[in-house]
Structure formats: C-alpha cells, structure tokens
Amino acid sequence: MKKLFASLGLMFALLSPNLVLAEDAAPAPEAAAVESAAPAMAAPAEAAAPAAVAPAPAPAAEVPKLDSGATAWMLTSTALVLLMTIPGLALFYGGMVRKKNVLGTMMQSFAITAMITVLWMVAGYSIAFDTTGMAKGVTNLYSFFRSLSKAFLAGMGKDSLTGVIPESVFMTFQMTFAIITPALITGAFADRMKFSAMMWFTGLWSLLVYAPIAHMVWSGDGGFMWDMGVLDFAGGTVVHINAGVAGLVAALVLGPRLGYGKEPMAPHTLTLTVIGAAMLWVGWFGFNAGSAVAADGRAGMAMAVTQIATGAAALGWMFAEWMSKGKPSVLGIASGAVAGLVAITPASGFVGPTGGLVIGLVAGAVCFWSATSLKRMLKYDDSLDAFGVHGIGGIVGAILTGYFAVESIGGTAGSMAQVVTQIEGVLITIAYTAIGTYIILKVLDLVMGLRVTEEQEREGLDIALHGERVE
C-alpha cells in the first residue's frame with residue numbers, strides 16, 4: 001500500500017503547473033533499452049602474474065549491431081498496430097453506434113491518430129522512455145515521469161539503436177500504442193461528448209496519464225512498477241486497464257445518454273463491427289508478438305498464445321451468452337474475441353499455450369458478465385463496453401499472468417507472490433488513472449463544457465458537430 005500512496009502523491013505533483021524537473025547531482029547511466037551506448041572498456045583485472053608481466057586487457061563490451069530480421073518484423077508490427085486503430089477500431093466502434101453518430105465516432109479514431117502522432121513526437125516519447133537519472137532499485141521522481149530532454153526526438157538519428165533495431169522504429173512502434181489507448185476510451189462516452197472537449201481531453205490525458213504509466217511499467221531499471229516486478233508484456237496495464245478505467249470515469253462524469261434504458265439503441269450495422277473486430281484480431285499479432293522487439297522464439301510463442309486465447313475467449317463469450325439468452329449473437333462473439341485479445345496482452349510474452357487457453361476462456365466469460373450484468377447492476381452507461389471489455393479483461397489478464405507465467409519463456413515463474421505483485425500493479429494503475437482522468441475531465445468541464453446540448457444529441461453528432469451524415 002505504501003507504493004500505492006507513493007504513486008498517488010507523484011500523480012498530484014505531475015498535474016501541478018509549477019513542477020520543475022532537475023537532474024540528480026550524480027545522474028545514473030541511461031538504460032541501454034532506450035539509448036544507444038558507446039562501447040565501454042572494462043577496468044583491467046588485478047594482475048595475478050608477477051609484476052614483470054603486464055595483465056591482459058579485458059575484452060571490450062560488445063557494440064550493439066542492427067539486426068535486419070528483427071527490424072523488418074518491427075516495421076511490419078508497427079503497421080499492424082496502426083491498422084488496429086485506423087480502420088480497425090474506427091469500424092468496430094462505428095458499427096455499434098446508431099446511424100446518426102457513425103461518422104462522428106469514426107472521426108474520433110482518425111483525429112486521435114493524427115493528434116497523438118504529433119504529441120508523441122513533441123513530448124510523449126520523452127516522458128515515457130527517456131531514462132536519464134534512473135537506476136535499478138532507486139525510486140525518485142524519474143521513476144514516475146521523465147523530463148523533456150528528448151522532446152522533438154532530440155538526439156535520435158538515422159543510426160540510433162534501441163537494442164538491435166533503429167530507435168526511430170521503436171519510437172514509432174510505441175507511438176501506435178499511444179494512439180490506440182485514448183481511442184479505446186471513446187467507446188465509453190460515445191454519442192454525447194463535444195468533439196472539441198474530446199480533443200483537449202485526449203491530448204492532456206495522453207501526456208499526464210498514459211505516458212507516466214508507460215514510463216513506470218516499461219522504461220526499464222528505475223521505473224516504479226518495473227522495479228516492483230510487475231509483468232506487462234504488451235500493455236495489459238499500460239493500455240487496457242488504463243483505457244478501461246479512464247472510460248468508466250468519463251462515462252460517470254458525463255452521465256448516461258439521453259433515453260438510455262428507455263429507448264432502443266441498437267447498433268447501426270454489425271457488418272462494420274465484425275470487419276473491425278477481424279482487423280483488430282489480425283493487427284494484434286503486431287501488438288503482442290511485436291512487443292518482443294525481436295524476430296525470435298518468444299515472439300513466436302506470443303503469436304501462438306494470442307491466437308489460442310482469442311479463440312477461447314470468443315467461444316467462452318458465445319457459450320455464456322447462448323446459455324443465458326438462448327441465442328449466440330454476432331456482436332457477442334466479436335466482443336468475446338476482443339476480450340481474449342485484451343486479456344492475453346500482458347501475458348503473451350510470459351505464458352505457454354495452456355495458460356493462454358485458460359486466460360482466454362476466463363476472460364470471455366467474465367467480460368460477458370461485466371458487459372451485461374455488472375453494467376446493469378451499477379447503472380453506468382459505458383456505451384460500447386470500453387470498461388467491460390478492456391478494463392475488466394485487462395485486470396483478468398494481468399492477474400492471471402502472475403499465476404501462469406513460465407520461467408523458460410519470459411524469465412519469471414508463476415507464483416502466488418507474483419500474483420500479489422500483479423494485483424499491486426493493477427491497483428496502482430486504477431488509482432492513478434481514475435484520479436488523473438477525473439481531474440482532467442472536471443477542469444475541462446469548468447473551462448469549456450464536456451457534453452453536447454440535448455438538441456445536438458437528439459439530432460446526432462454527425463450533423464451537429466461535423467455537418468455530414470450517412471445516407
């Protein structure tokens with residue numbers, strides 16, 4: 001719990017406009033995972049021979065070399081993950097809203113892709129992946145949030161490497177994660193948020209919530225949750241719990257749609273939704289297998305368990321719905337597949353096929369319950385089940401990763417101690433995201449208002465906000 005309170009205190013510091021970052025008096029070396037290191041000579045060993053014989057020099061540290069195979073795979077993975085947002089998520093969400101809001105919903109995904117691309121280049125990448133001043137086991141301000149020393153991609157050249165791939169490729173790969181995360185949130189407040197407010201919220205949230213969580217989990221030695229030992233291979237906490245919890249907070253702050261629970265709000269066209277879900281499924285191989293940042297056996301296993309878990313979750317949701325409602329629906333099996341993709345994300349580089357199968361089956365059934373029964377019980381309007389699928393699915397996957405992790409695959413063996421660590425990581429993410437999201441939304445509501453007028457909501461966002469409609 002001390003770690004939870006520490007993260008909350010830092011969150012309030014990060015949101016302060018008077019925050020000034022200063023380098024430590026004796027900064028630690030930058031992590032090799034992000035910065036290209038110059039070859040260093042080891043100090044010569046003490047002479048074991050007589051003084052007349054000069055000691056042999058220690059071998060130089062191996063200079064990182066570009067791996068063309070890994071680079072080719074990461075270029076492909078980056079394109080696959082971008083495909084998940086445009087057109088994948090745009091189609092998936094666009095098909096689930098009413099006809100009068102289809103274009104507005106798809107516009108959100110497209111506009112977010114454009115804006116986060118620029119913000120990531122300007123500041124987001126620096127906040128998330130600059131490792132100056134960090135050291136393993138040392139908790140300081142830089143464990144939570146980095147400076148802007150890499151703003152505008154300062155220092156990144158054609159030959160800069162992250163591991164064995166160009167840093168430019170790694171940066172763009174991580175950019176696609178930063179893009180899809182806020183795009184997922186839009187499903188929770190579909191049909192009722194101003195486009196201008198959505199753009200401001202997305203930009204602020206990306207820099208003040210997403211980037212710090214990514215830094216804590218993925219920046220390497222010295223990162224707060226990295227040093228805790230939280231396992232998140234491809235974004236269970238960073239992407240899905242983060243987006244799901246933010247979506248739930250946004251849905252509660254904005255309130256339900258007009259007529260929610262009283263008027264029919266059936267999807268406009270499930271054809272778009274199924275096509276979008278299929279694109280998400282295919283693109284997710286870049287998301288999970290690409291997170292190995294290599295073309296190797298771990299990437300291959302991540303791909304295999306992703307496919308297994310997704311199939312299992314689609315069946316788990318389908319059979320749960322079939323038993324409870326008498327018929328399996330197209331929307332249900334598509335949602336179940338996405339739930340499986342979400343749940344296997346944190347586990348994909350740590351578990352084997354059996355673990356993937358169990359995680360998928362559990363996620364399918366639990367996410368079906370959360371998107372139907374839990375939502376009705378708590379009476380919140382999570383329009384397209386961003387929290388029910390991504391929030392709950394991410395939590396399920398993160399916790400089960402701690403139990404099913406295989407040491408020979410990811411270097412960590414599953415245990416109850418690791419499950420506890422995973423739960424701590426989940427709680428820290430929920431707390432930081434919920435409070436940060438709430439503050440951003442309330443400030444924007446005071447400054448410009450969040451919600452469209454009742455007249456605009458009834459008319460539809462396509463005409464009211466964009467002057468266009470689907471005929």
Side-chain angles (χ1 to χ4, degrees), residues 84-112 180-193 195 198 201-202 239-261 263-281 313 317 321 329-342 367-376 378-394 437 451-452 457 460-462:
M84 291 169 62
T85 305
I86 51 170
L89 187 68
L91 291 169
F92 184 70
Y93 277 174
M96 285 196 281
V97 297
R98 289 166 288 177
K99 183 178 180 180
K100 63 183 180 180
N101 296 318
V102 173
L103 296 178
T105 300
M106 299 178 80
M107 174 69 167
Q108 290 174 344
S109 291
F110 210 94
I112 286 172
I180 196 170
T181 307
L184 293 171
I185 301 172
T186 64
F189 54 72
D191 299 353
R192 59 198 189 275
M193 190 180 229
F195 184 73
M198 186 279 298
F201 167 72
T202 298
V239 175
H240 298 293
I241 299 175
N242 208 0
V245 171
L248 177 61
V249 173
L252 293 173
V253 170
L254 269 80
R257 290 165 287 178
L258 292 176
Y260 178 67
E263 300 174 7
M265 296 184 178
H268 163 55
T269 170
L270 288 177
T271 302
L272 295 181
T273 297
V274 172
I275 294 171
M279 288 183 170
L280 286 168
W281 191 331
W317 186 303
E321 184 179 40
S329 70
V330 174
L331 178 59
I333 196 169
S335 299
V338 174
L341 291 164
V342 168
C367 288
F368 168 73
W369 169 80
S370 67
T372 54
S373 301
L374 180 65
K375 185 162 68 170
R376 282 198 302 269
L378 300 182
K379 298 180 180 179
Y380 59 85
D381 183 12
D382 176 10
S383 306
L384 309 181
D385 295 317
F387 174 72
V389 172
H390 295 277
I392 297 297
T437 302
R451 188 161 180 156
V452 297
E457 188 171 344
L461 304 190
D462 293 359

Q: Measure the spacing between OH of Tyr260 and CG of Asp381 and express it to the nearest 0.5 Å.
A: 5.0 Å

(Q) Checking Glu321 now: which residues fulfil salt bridge (Lys or Arg N to Asp or Glu O under 4.0 Å) with it, not counting sequence neighbours? (A) none

Q: Applying side chain to side chain contact (heavy atoms under 4.5 Å, CB included), name anything that partners Ala111, two or more places apart in sequence or on another chain.
A: Phe195, Met199

(Q) Could you work out, with ring-ring contact (aromatic ring centres under 6.0 Å, His included) as the rule, every residue matching Phe110, not counting sequence neighbours? (A) none

**Q.** Residue pair Ala313 / Gly340: nearest heavy atoms and the distance that separates them
**A.** CB-CA, 3.2 Å

Q | Met96 side, atom CE; Thr269 side, atom OG1 - distance, nearest 0.5 Å | A | 12.0 Å

Q: Kindly give the heavy-atom pair with the smallest separation between Gly393 and Val342, and that separation in Å.
A: C-CG1, 3.6 Å

Q: Please name all residues satisfying salt bridge (Lys or Arg N to Asp or Glu O under 4.0 Å) with Asp462, sequence neighbours left out, ordered by chain then number.
A: none

(Q) Nearest 0.5 angstrom please: Met84 CE to Leu184 CG, how far? (A) 7.5 Å

(Q) Do Leu248 and Asp382 have side chains that approach each other closer than 4.5 Å (heavy atoms only, starting at C-beta)? (A) no

Q: Only counting residues at least two apart or in another chain, list the ones meeting side chain to side chain contact (heavy atoms under 4.5 Å, CB included) with Val452.
A: Lys194, Gln456, Glu457, Leu461, Leu465

Q: Not counting sequence neighbours, which residues clear side-chain hydrogen bond (donor to acceptor under 3.5 Å, both in side chains) with Thr437? List them please.
A: Trp205

Q) So, do Phe201 and Met198 sit near enough that their side-chain heavy atoms are less than 4.5 Å apart? A) no

Q.
To check you understand the geometry: which heavy-atom pair defines the closest contact between Gly247 and Ala188, and what is its length?
A. O-CB, 3.2 Å

Q. With sequence neighbours left out, what residues match Phe368 under ring-ring contact (aromatic ring centres under 6.0 Å, His included)?
A. Trp317

Q: State, to 0.1 Å, how close Ser329 and Gly332 come at their nearest heavy-atom pair, and which atoms those are.
A: OG-N, 2.8 Å

Q) Looking only at atom types and distance, does a side-chain atom of Arg451 sit under 3.5 Å from a main-chain N or O of Leu254, one as donor and one as acceptor? A) yes

Q) Atom CZ in Phe92, atom CG in Leu270: separation rounded to 0.5 Å? A) 10.0 Å

Q: Heavy atoms only: give me the nearest Met279-Pro87 pair and the separation to one decimal.
A: SD-CG, 3.4 Å

**Q.** Residues that Asp385 engages under side-chain hydrogen bond (donor to acceptor under 3.5 Å, both in side chains), provided they are two or more places apart
**A.** Lys375

**Q.** Pairs involving residues 97-107, ordered by first then second residue, that meet side-chain hydrogen bond (donor to acceptor under 3.5 Å, both in side chains) (sequence neighbours left out)
**A.** Arg98-Asp191, Asn101-Asp191

Q.
Which heavy atom of Arg257 sits nearest to which heavy atom of Ser383, and what is that distance?
A. NE-OG, 3.5 Å

Q.
If the condition is ring-ring contact (aromatic ring centres under 6.0 Å, His included), which residues does His240 pass it with, not counting sequence neighbours?
A. Trp284, Phe287, His390

Q | side chain to side chain contact (heavy atoms under 4.5 Å, CB included) partners of Met106, counting only residues at least two apart | A | Ala90, Leu91, Val102

Q) In Å and rounded to the nearest 0.5 Å, what is the OG1 to OH distance from Thr273 to Tyr93? A) 11.0 Å

**Q.** Results of side chain to side chain contact (heavy atoms under 4.5 Å, CB included) for Leu378 - residues two or more places apart only
**A.** Leu374, Tyr380

